Amino acid sequence: MQLTTFLAESFKSGKIKVSQNNKEALEITATDKKIDVNAKDKEFIKDIVASVRKDDKQQKGVIGTIERGVASLQTAQNMQPMVKEIAEDFCREGITVTLSLKGDTVVTIGSKANSKFTRILTGTKGVEINSIRKLIEIGL
């Protein structure tokens, strides 16, 4: 059992709220083998993604947009084996994790994921992109 699965198994039920500058940014709700991470503030998620990518010196305009797009594709390609392994481990353990933006599901990972399109991209049935528009909106 991987660390991610162990952590998911550890959260039996409950709710965690994360705030930034007195503004609710994230709400994590756990019920039996299901965890929903609901982003209440998309800027909070964008800040996290930007810090992971270390692209504080973002270039503006069309060239900057293209460069960020290429960098995102490279990052996604590098992370694919890890995401696939985590998703398949969640599937084996019957765990589902969803990422939502203001209550709308964006991505589902684990046993409840079901997407033929995403399966072609990721090589696993354990990842489902529920809303490409929302995924782009938060910068993933």
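Owing to the predicted nature of the structure, the values given are computational and were not obtained by experimental measurement.
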Please determine which of Val107, Asn130, Thr105 meets the side-chain contact (heavy atoms from CB on, under 4.5 Å) test together with Thr98.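 Of all the options given, the one that passes is Thr105.
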
Which atom pair, heavy atoms only, marks the closest approach of Phe90 to Gly110?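 Answer, listing the atom of Phe90 first, then Gly110: CB-CA, 3.7 Å.
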
Calculate, to the nearest 0.5 Å, the distance between atoms [atom1] and [atom2] belonging to [X] and [Y] respectively.
| X | Y | atom1 | atom2 | value |
| --- | --- | --- | --- | --- |
| Ile109 | Ile129 | CD1 | CD1 | 9.5 Å |
| Lys102 | Lys42 | NZ | NZ | 6.0 Å |
| Lys112 | Cys91 | NZ | SG | 11.0 Å |
| Leu26 | Ser100 | CG | OG | 10.5 Å |

Donor-acceptor under 3.5 Å ([X] side chain, [Y] main chain):
| X | Y | result |
| --- | --- | --- |
| Asn38 | Glu27 | no |
| Asp36 | Thr29 | no |
| Glu24 | Ser19 | no |
| Lys33 | Glu93 | yes |
| Asp41 | Glu43 | yes |
| Ser131 | Lys134 | yes |

Flag side-chain contact, heavy atom, 4.5 Å: Thr96 against Thr108: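 Contact flag for Thr96/Thr108 side chains = yes.
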
